[in-house]
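Shown next, in structure tokens, is the structure this report addresses.
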There are 2 protein chains.
Amino acid sequence: MDTTSEQERYQALDLILELVVLLNADMSRRLAADQLTPARTTVLWTLRGRGPATQRQLAEALDVSARNITGLVDGLAGADLVSREPHPTDRRATLVTLTRRGTQLVETLEAEQREFASLLFDDMPAPRLHGIVDGLADVVGRLKAEGLKAHE
Amino acid sequence: MDTTSEQERYQALDLILELVVLLNADMSRRLAADQLTPARTTVLWTLRGRGPATQRQLAEALDVSARNITGLVDGLAGADLVSREPHPTDRRATLVTLTRRGTQLVETLEAEQREFASLLFDDMPAPRLHGIVDGLADVVGRLKAEGLKAHE
DNA sequence: TATTGTTATACTCTATAACTATA
DNA sequence: TATAGTTATAGAGTATAACAATA
């Protein structure tokens, strides 16, 4: 049998949407324990990936307004997770930088994410894991192609 | 080769998280075109699934405060998508009910979701789709088991 | 007394527009 | 003149606490 049924396709999307809901709930719960929100965590994650950034660069990276970044950085700075450093050549700009506490927290989050991956997949048979990785990579590719079309 | 590597497990989780981001963006964009938000849409979806409900029941279904439901129903009623009907036996309660417009909108959304499933999966080889469905069902099961543990 | 929903209050995330300081 | 970030303002989603009407 090499054809997919409408029902099967709908079931696949349903599973994905259910997964979205469950993961959002799970992540929000974990983050709240560290007094973090998803939006602020995204800022920390971005800084970890690319190093210090101007607020303008963060706004573009998160696809969010400059005003919004001001608020997110205010919150993170208030928790001593990032600091606003002067930009070396442009006195209008600030370089948002992870503090030591921020760096430590991000490293903890990353470790927890690896633990979480272990929890979900550790005793999963290899063929099944391969099925997920191959299939989802395909779906993500299709979604991105769609997204590009939608932006035209 | 029948063992999974740490790297492969981390990659699987990464793909899932990327999917979450992409789907959230995609859905929000589609809903915004109909002047809808994710939270309000969840109310509509719940009413479609189980028929008229009291606000208290909606609060439990969405796992959200009663106050929050008041606001969501206010917004939906303002758009003529739901109405507050008197409860037949309890004069304290209201029965939130889909209007004709609300019913039509939910049906449209469901049709669009089916189209979306086609778009993602139509020309995907059957084994790959099976891999996704089996793998994700497994992951969802593990997540739910975790969630239950976390609530203890 | 307990429950349903609302008002009061507050915080986060989000947006646009006007403004300041610099380029 | 254009750009970086802030202040002003507004709306959605979320919460807790106090309150009114009803059970």
Side-chain angles (χ1 to χ4, degrees), chain A residues 20-21 24-25 27-47 52-79 81-97, chain B residues 20-21 24-25 27-47 52-79 81-97:
Chain A
V20 168
V21 170
N24 271 333
M27 290 194 300
S28 296
R29 206 184 327 120
R30 281 162 184 255
L31 293 177
D34 281 311
Q35 314 262 284
L36 273 178
T37 60
R40 289 177 189 177
T41 307
T42 306
V43 172
L44 295 181
W45 210 255
T46 303
L47 292 174
T54 65
Q55 298 192 184
R56 179 67 46 181
Q57 288 169 333
L58 288 173
E60 276 157 25
L62 306 206
D63 194 21
V64 116
S65 71
R67 175 62 185 91
N68 197 354
I69 294 294
T70 297
L72 295 174
V73 171
D74 284 351
L76 289 167
L81 296 172
V82 306
S83 63
R84 286 183 165 100
E85 305 294 337
H87 191 286
T89 64
D90 186 339
R91 289 200 301 167
R92 295 169 305 177
T94 64
L95 272 184
V96 183
T97 310
Chain B
V20 168
V21 170
N24 270 333
M27 288 194 302
S28 295
R29 205 183 329 121
R30 281 162 184 256
L31 293 177
D34 280 312
Q35 312 262 282
L36 272 179
T37 60
R40 290 177 188 178
T41 307
T42 306
V43 173
L44 295 182
W45 211 255
T46 303
L47 293 174
T54 66
Q55 298 192 185
R56 179 66 48 180
Q57 289 170 332
L58 288 173
E60 276 158 25
L62 306 207
D63 194 23
V64 117
S65 71
R67 174 63 183 90
N68 197 353
I69 294 294
T70 298
L72 295 175
V73 171
D74 283 351
L76 289 167
L81 295 172
V82 306
S83 62
R84 285 183 167 99
E85 304 294 336
H87 190 287
T89 65
D90 187 339
R91 287 201 301 169
R92 295 169 304 179
T94 63
L95 271 184
V96 183
T97 310

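A, B, ... follow the sequence lines: proteins, then strands. Residue 1 opens every chain. Small disclaimer: the values here were computed from a predicted structure and weren't measured. Because only heavy atoms are used, hydrogens play no part in the values below, and waters and symmetry mates are left out as well, while side chains stay in.
Toward the 5' end of DNA chain C, the nearer of the two residues A:Ala66 and A:Leu36, judged by each one's closest nucleotide, is A:Leu36. For A:Asp90 and A:Ala39, each mapped to the nucleotide of DNA chain C holding its nearest heavy atom, the one lying further toward the 5' end belongs to A:Ala39.
Taking atom CD of B:Gln35 as the reference point, atom P of D:dG11 lies 14 Å away to the nearest angstrom. We find that NE2 of A:His87 is positioned 10 Å from P of D:dA4, with the value rounded to whole Å. A:Arg91 has its CZ atom 14 Å from the C1' atom of C:dT20, to the nearest Å. The CD1-P distance, from A:Ile69 to C:dT12, rounds to 16 Å in whole Å. In this structure, the CG atom of B:Leu76 is 13 Å from the C1' atom of D:dG13, given to the nearest Å. For A:Leu95 and D:dA4, the CG to P distance is 13 Å, given to the nearest whole Å.
Applying the 4.0 Å criterion to OP1 and OP2 of C:dG5, one finds that B:Arg84 has every side-chain N and O outside that range. Phosphate contact (OP1/OP2 of D:dT14, side-chain N/O of B:Ser65, threshold under 4.0 Å): absent. Proximity of B:Arg67 to the phosphate of C:dA10: no side-chain N or O atom is located under 4.0 Å from OP1 or OP2. Between B:Thr94 and C:dG5 there is a side-chain polar atom (N or O) within less than 4.0 angstrom of OP1 or OP2. Contact annotation: A:Asn68 side-chain N/O to C:dA15 OP1/OP2 distance is under 4.0 Å.
Residue B:Leu72 is classed as a sugar-phosphate contact, given heavy-atom separations below 4.0 Å to backbone atoms only. A:Ser28 comes within 4.0 angstrom of no nucleic acid atom, judged by non-hydrogen atoms across all strands.
Of all heavy-atom pairs spanning A:Thr97 and A:Leu95, the tightest one is OG1-O, 3.1 Å. The heavy-atom pair separating A:Gln57 from A:Ala53 by the smallest distance is OE1-CA, 3.4 Å. The shortest heavy-atom contact between A:Ala39 and A:Leu62 is O-CD1, 4.5 Å.
For residues 32-46 of chain B, no residue pair satisfies the side-chain hydrogen bond (donor to acceptor under 3.5 Å, both in side chains) rule, not counting sequence neighbours.
Summarising the geometry, atom CG belonging to A:Leu72 is positioned 9.0 Å from atom CG belonging to A:Leu58; distances are rounded to the nearest 0.5 Å. Between B:Ile69 atom CD1 and B:Asp74 atom CG the span is 11.0 Å, to the nearest 0.5 Å.
For A:Arg92, the side-chain atoms get nearest to D:dT3 when compared with the rest of D:dG5, C:dG5, D:dT3.
Less than 4.0 Å separates DNA chain D from at least one heavy atom of each of the following residues of residues 52-63 of chain A: A:Thr54, A:Gln55, A:Arg56.
Screening B:Val43, B:Val96, B:Asn68 for a side chain to side chain contact (heavy atoms under 4.5 Å, CB included) with B:Gln55, the sole residue that qualifies is B:Val96.
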